[in-house]
Structure formats: C-alpha cells, structure tokens
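Comments concern the structure below.
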Amino acid sequence: MLTVAVLISGAGSNLRALLDTTADDDFPARVIVVGGDREADGFQHAEDFNIPTMLVPWREYDSREEWGAELGEQLAVWRPDLVVLSGLMRLLPAPLVDAWSPRIINTHPAYLPEFPGAHGVRDALAAGVAQTGASVIIVDNGVDSGPILAQERVPVLPGDDEHSLHDRIKPVERRLLIDVVRRIATGELDLAAVRDARTPRPTD
Ligand code: GRF
C-alpha cells in the first residue's frame with residue numbers, strides 16, 4: 001500500500017477527490033497526512049476522513065528555507081512513500097525537493113510546458129489560446145519544469161473566464177492525479193526511471 005502525504009493551500013477539491021478514491025479498499029494507496037502552508041479550507045476534507053493534519057504557516061517563518069526545513073521535518077515524521085502537492089501555492093526550497101525527489105509530484109492547471117507558474121489558467125486566457133490543459137509532473141527545482149507524468153488537453157470555450165475555465169480543468173487534473181497515484185502504487189509508473197531518463201548523464 002502506497003502511503004501519501006498531500007500538501008494544500010486552498011479549497012482542496014483535488015485532495016477531496018483523492019480522499020474519496022483512496023477510501024476504497026481496492027485502491028492501492030492511502031492518504032496518511034494532509035499538510036499546508038496556511039489555514040486552508042481544504043483541511044476540512046482531511047477532518048471528514050479522520051486524516052491527521054500538519055499546518056506549517058509560512059508567515060511565521062523568516063525565510064522560505066526555514067519554513068521548508070520545518071515542513072521537511074514534519075514530513076519525515078510521517079515517512080510517506082509519496083508527497084503530492086495539490087494546490088500548494090508556495091515554492092519548496094531546494095533541499096526539501098532534493099530530499100524527496102522523485103517521490104514528490106504536483107498538479108498544474110495547464111498543458112506544461114505551456115503556462116507554468118501560479119496563474120496558469122489566467123495566462124492561457126490572456127494568450128488567447130484555443131486549448132489549454134492539465135498536467136501532473138515530478139517536482140524539480142524549477143517552476144513547474146519537472147518531468148511530465150500525465151497531461152491532457154482542455155478546450156477554452158467562448159465566454160470563458162478564469163473561474164469557468166479552471167472549473168473545467170480541475171476534473172481533468174483530478175482524474176490524471178488519481179491515475180498517476182494508482183500507477184505509482186502498482187509499480188506501473190517508476191518515478192526514478194522517469195526522472196533519470198530526463199537527466200543528462202556524464203557520458204551523454
Ligand atoms: C489546482 O488547479 C491546482 O493545480 C492549482 O490550484 C488548484 C487547487 O485547487 N495550483 P484545489 O485546492 O484542489 O481545489
């Protein structure tokens with residue numbers, strides 16, 4: 001059984017979907033802890049499922065590094081097999097990413113490498129594209145630049161605003177995330193192999 005820690009900042013709708021899915025005995029992964037960088041509404045979902053929570057409020061730390069060090073210590077207590085960033089709106093410091101790589105994944109509401117960053121939906125709309133998408137990636141030390149594990153296109157419709165477009169992307173994100181977690185849990189998806197395939201080797 002794959003154990004999963006989920007980190008959130010917001011409503012946690014993707015977390016909710018993961019909790020609903022992993023509550024099924026036949027699903028090969030379990031969420032063991034939900035963490036966040038602020039008092040996110042999404043913590044309620046963890047409470048609904050009796051999942052422990054860990055809040056590391058970024059505002060209480062002098063630097064990203066100190067905040068990340070505390071988050072890393074708390075994660076280490078739970079020793080999850082996988083860390084899922086599900087709407088965590090804060091870049092993790094390099095030591096934390098390096099400690100968990102490649103067992104740390106992120107969902108993103110755009111078809112990466114298109115529209116990385118905190119405003120992927122808004123940026124796609126501003127660019128006037130006909131389609132955007134959703135992606136699940138391995139987290140690296142760039143901004144949404146890690147190896148892509150799954151992605152799917154989502155059309156931009158006439159009259160879309162950021163809210164309506166994001167609402168149409170999120171169900172796709174959820175489906176991709178759940179499928180990626182399932183494939184990691186069954187061994188069908190080997191995160192280290194995906195990461196290493198993309199890292200140039202000295203002999204290359
Ligand atoms: C998702 O679209 C995620 O990719 C983005 O923020 C959204 C989080 O939504 N970074 P929720 O908190 O899961 O509802």
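Residue numbers start at 1 and run along the sequence shown. As the structure lists them, so they are numbered: ligands from 1, and atoms in each ligand from 1.
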Legend entry - Proximity of His166 to ligand 1 by residue part, where a heavy atom lies under 4.0 Å: side chain
Legend entry - Heavy-atom check, side chain of Arg122 versus side chain of His166, under 4.5 Å: no
Legend entry - Distance from atom 8 (C) of ligand 1 to nearest protein heavy atom, with residue and atom: Gly87 CA, 3.8 Å
Legend entry - Tyr111 six-ring face occupied by Arg153 cation (under 6.0 Å, within 45°): yes
Legend entry - Donor-acceptor side-chain pairing of Arg195 and Ser101 below 3.5 angstrom: yes
Legend entry - Distance filter under 4.0 Å to Ser13 heavy atoms, resulting ligand 1 atoms: 11 (P), 12 (O), 13 (O), 14 (O)
Inset, instruction - With atom 9 (O) of ligand 1 as the reference point, say which of Lys170, His119, Arg174, His108 has the nearest heavy atom. - result: Lys170
Inset, instruction - Go through ligand 1 atom by atom and flag the ones less than 4.0 Å from a non-hydrogen atom of Asn14. - result: 1 (C), 13 (O)
Inset, instruction - Specify the protein heavy atom at minimum distance from atom 12 (O) of ligand 1: its residue, its atom name, and the distance to 0.1 Å. - result: Gly12 N, 2.7 Å
Inset, instruction - Measure the distance from atom 4 (O) of ligand 1 to every protein heavy atom, then report the residue, atom name and distance (to 0.1 Å) of the closest one. - result: Glu173 OE2, 2.3 Å
Inset, instruction - Go through the side-chain N and O atoms of Ser164 and Asp161 and say whether any donor and acceptor fall under 3.5 Å apart. - result: yes
Inset, instruction - Considering the heavy atoms of Thr107, write down every atom of ligand 1 situated less than 4.0 Å from one of them. - result: 3 (C), 4 (O)
